[in-house]
Enquirer: 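Next up is a structure, given as structure tokens.
As the structure lists them, so they are numbered: ligands from 1, and atoms in each ligand from 1. For the numbers below, each heavy atom of this structure counts, side chains included, while hydrogens, waters and symmetry mates do not. One-based numbering along the sequence shown.
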Amino acid sequence: MSILHILEKSEFTKSDIVQLLSLNDENVKILFKTAAKIKQDNIGNVVFLRGLIELSNICHKDCLYCGIRKSNALIHRYTLDESEVLSAIKFAYENKYGSVVIQSGEIANSGFISKIDRILKLAKEITNGEIGITLSCGEQSADTYQHWFESGAHRYLLRIESATEELYYKIHPHNQLHSWHERINALNNLKKIGYQVGTGVMVGLPFQNIEHLATDLLFMKEMNIDMCGMGPYIEHKDTPLYQYKNSILPLNERLFLSLKMIAILRIMMPEINIAATTALQAIDKIGREKAIQIGANILMPNITPGKYRNNYALYENKPCTDENAEDCKSCIDTRVHLIKHTIGYNAWGDSKHFLHKDKL
Ligand code: SAM
Ligand code: SF4
């Protein structure tokens, strides 16, 4: 089937998506142009910000791709104290970011759970209830999610990492702590509670093929997600998956494939929020801008205190680790304007898809 034929359809099949993901340099332009137009028609050219706070690199999990996995003894572990988190939130608020994302290694003890709870309440207090808060703190019990929701979090990011169970267990240990079914369960719990729910995958993993990626996009559609964060997998030398580094796609092809994933998802789900992730920028200095031009609408400038950033090393060459929040702010503004977009300051920038769900 021709690309134009596929792009006219209201629903894509798996084989349509595989065909779109296989497009080469020349004819991919039609895909990117279509996605850009759908974005413009549905959500316009506004980019919303979420100041990213990397709360802790302590994690009880051992995902085989991640540099801060429990078994990596070579990194220095840290946790921001409450006052450091609150001053980062204050920075975001005073600089009109509108929202923050609090991200962390997965910790499920009661101390961590109540620390997040206190931070949420204080964050609302010091910003007159105005700061929007997304959490990305891994799998927690339904009770914990409920608690955090009541304390002020209203969006949650939990990547499925792969919608194919078999592939999931090739990139995670296969045990109780790393359960594909539990991950899906957690996503369903978040939805039931009322969060705007985001998920996503890494692109270009060892053992991953284009069919897996097509399955991932169909999973997102079927889960009726509100937000997505996906980007290239980037190897880290102190992780088990590093041994496959010579069998995976080169970095530039992982970037290209990630951009195609974003464009196709924008066409499939015109009103969701899609993040232009940091990993895109790790491969190409203007990777995030490229993503915005073909479908993404969210940027997450890092506002973690500079001295901790080197330790939140999920993968190699993570950008902006030598900067502070103030540097990120001026840099982001210039970058967004250069691609003829504007920043939605002082706004939560909620997922339109979520806001329109009730009316369907
Ligand atoms: N611990 C929480 C979790 O896993 O949901 C949140 C923090 S975790 C560091 C956030 C995301 O980083 C993961 O969902 C994963 O997709 C991504 N990530 C980890 N290692 C990566 C790598 N080597 N390359 C690209 N992304 C990676
Ligand atoms: Fe922990 Fe998240 Fe990294 Fe997995 S991806 S090891 S849960 S921080």
Enquirer: Specify side chain, backbone, both or neither for Tyr312, according to which of its non-hydrogen atoms lie closer than 4.0 Å to ligand 1.
Expert: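 For Tyr312, only side-chain atoms sit under 4.0 Å from ligand 1.
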Enquirer: Just to confirm my output: which protein heavy-atom neighbour is closest to atom 24 (N) of ligand 1, and how far is it?
Expert: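 Result: Ile234 N, 3.1 Å.
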Enquirer: Looking only at non-hydrogen atoms, which of Arg183, His60, Gln103 approaches atom 4 (O) of ligand 1 most closely?
Expert: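 The nearest heavy atom belongs to Arg183.
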Enquirer: Can you tell which part of Leu314 has a heavy atom less than 4.0 Å from ligand 2: side chain, backbone, both or neither?
Expert: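 Leu314 to ligand 2: no contact under 4.0 Å from either part.
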Enquirer: At a non-hydrogen distance cut-off of under 4.0 Å, which region of Pro232 contacts ligand 1 (side chain, backbone, both, or neither)?
Expert: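 It is the backbone that touches ligand 1; the side chain stays farther off.
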Enquirer: Would Lys170 count as a cation-pi partner of Phe207, with NZ or CZ less than 6.0 Å from the six-membered ring centre and within 45° of the ring normal?
Expert: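 Checked: cation-pi criterion met.
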Enquirer: Verify the cluster assignment for Met202 and Ile160: are they in a single hydrophobic cluster under the rule of side-chain heavy atoms below 4.5 Å apart?
Expert: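 Different hydrophobic clusters.
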Enquirer: Counting both backbone and side chain atoms, is some N or O of Tyr65 under 3.5 Å from an N or O of ligand 1?
Expert: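 Looking only at distances, the answer is yes, because the N/O contact criterion of under 3.5 Å is met.
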Enquirer: Are Ile234 and Leu249 connected, step by step, through hydrophobic side chains (Ile, Leu, Val, Met, Phe, Trp, Tyr) whose heavy atoms are closer than 4.5 Å?
Expert: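 Yes, Ile234 connects to Leu249 through the hydrophobic network.
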Enquirer: Please work out whether any backbone atom (N, CA, C, O) or any side-chain heavy atom from C-beta onward of Glu161 is under 4.0 Å from ligand 1, and answer side chain, backbone, both or neither.
Expert: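 Answer for Glu161: side chain.
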Enquirer: When only distance counts, is Ser104 in polar contact with ligand 1, meaning an N/O pair under 3.5 Å?
Expert: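 Checking ligand 1 against Ser104, an N or O pair does fall under 3.5 Å apart.
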Enquirer: Just heavy atoms, cut-off under 4.0 Å: does Cys66 contact ligand 1 by side chain, backbone, both, or neither?
Expert: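 For Cys66, backbone and side-chain atoms both sit under 4.0 Å from ligand 1.
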Enquirer: Quick check on atom 4 (Fe) of ligand 2 - does any protein heavy atom sit closer than 4.0 Å to it?
Expert: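 Within 4.0 Å of atom 4 (Fe) of ligand 2, protein heavy atoms are found.
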Enquirer: Closest approach of Thr277 and Arg159, non-hydrogen atoms and distance?
Expert: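 Reported closest heavy-atom pair: CG2-NH2, 3.7 Å.
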Enquirer: Could a heavy atom of Gly105 be found less than 4.0 Å from some atom of ligand 2?
Expert: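 Heavy atoms of Gly105 do come under 4.0 Å of ligand 2.
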Enquirer: Taking the basic N atoms (NZ, or NE/NH1/NH2) and the acidic carboxylate oxygens, is any pair closer than 4.0 Å for Lys121 and Glu125?
Expert: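 So Lys121 does not pair with Glu125 through a salt bridge.
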Enquirer: From Cys59, does some N, O or S atom reach closer than 2.8 Å to atom 3 (Fe) of ligand 2?
Expert: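 Cys59 does not place any N, O or S atom closer than 2.8 Å to atom 3 (Fe) of ligand 2.
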Enquirer: Do Ser136 and ligand 1 have an N or O pair less than 3.5 Å apart?
Expert: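 So ligand 1 has no N or O lying under 3.5 Å from an N or O of Ser136.
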Enquirer: Using a 3.5 Å cut-off on N or O atoms only, is Glu235 in polar contact with ligand 1?
Expert: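 Not met; the criterion fails.
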Enquirer: Going by an N to O cut-off under 4.0 Å, is there a salt bridge joining Glu161 and Arg183?
Expert: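 Looking at Arg183 together with Glu161, the answer is yes, because their closest N to O distance falls below 4.0 Å.
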Enquirer: Salt bridge or not between Glu54 and Arg309? Use side-chain N to carboxylate O under 4.0 Å.
Expert: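 A salt bridge is absent here (no side-chain N lies under 4.0 Å from a carboxylate O).
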Enquirer: Counting only heavy atoms, which portion of Lys61 has something under 4.0 Å from ligand 1: side chain, backbone, both, or neither?
Expert: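 Neither; nothing of Lys61 gets under 4.0 Å from ligand 1.
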Enquirer: Identify the protein heavy atom lying closest to atom 12 (O) of ligand 1, giving its residue, its atom name and the separation to 0.1 Å.
Expert: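 The closest heavy atom on the protein side is Leu314 CD1, 3.6 Å.
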Enquirer: Taking atom CG as the centre, does Asn185 end up with more than 12 heavy-atom neighbours from other residues, nucleotides or ligands that are less than 6.0 angstrom away?
Expert: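 Yes, the 6.0 Å shell around CG holds more than 12 heavy atoms from other groups.
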Enquirer: Please lay out, stage by stage, how Tyr312 and Lys318 fare under the test side-chain contact (heavy atoms from CB on, under 4.5 Å).
Expert: CA-CA 9 Å; Tyr312 202 81; Lys318 196 162 160 262; 3.9 Å; yes
Enquirer: Considering Met202, Lys318, Arg254, His236 one by one, which has a heavy atom nearer to atom 18 (N) of ligand 1 than any of the others?
Expert: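 Residue with the shortest heavy-atom distance to the ligand atom: Met202.
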Enquirer: May I ask you to check if ligand 1 and Gly67 share an N or O to N or O distance below 3.5 Å?
Expert: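 For ligand 1, there is no N or O atom that lies under 3.5 Å from one belonging to Gly67.
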Enquirer: Just wondering, are more than 12 heavy atoms of other shown residues or ligands nearer than 6.0 Å to NZ in Lys70?
Expert: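 Open.
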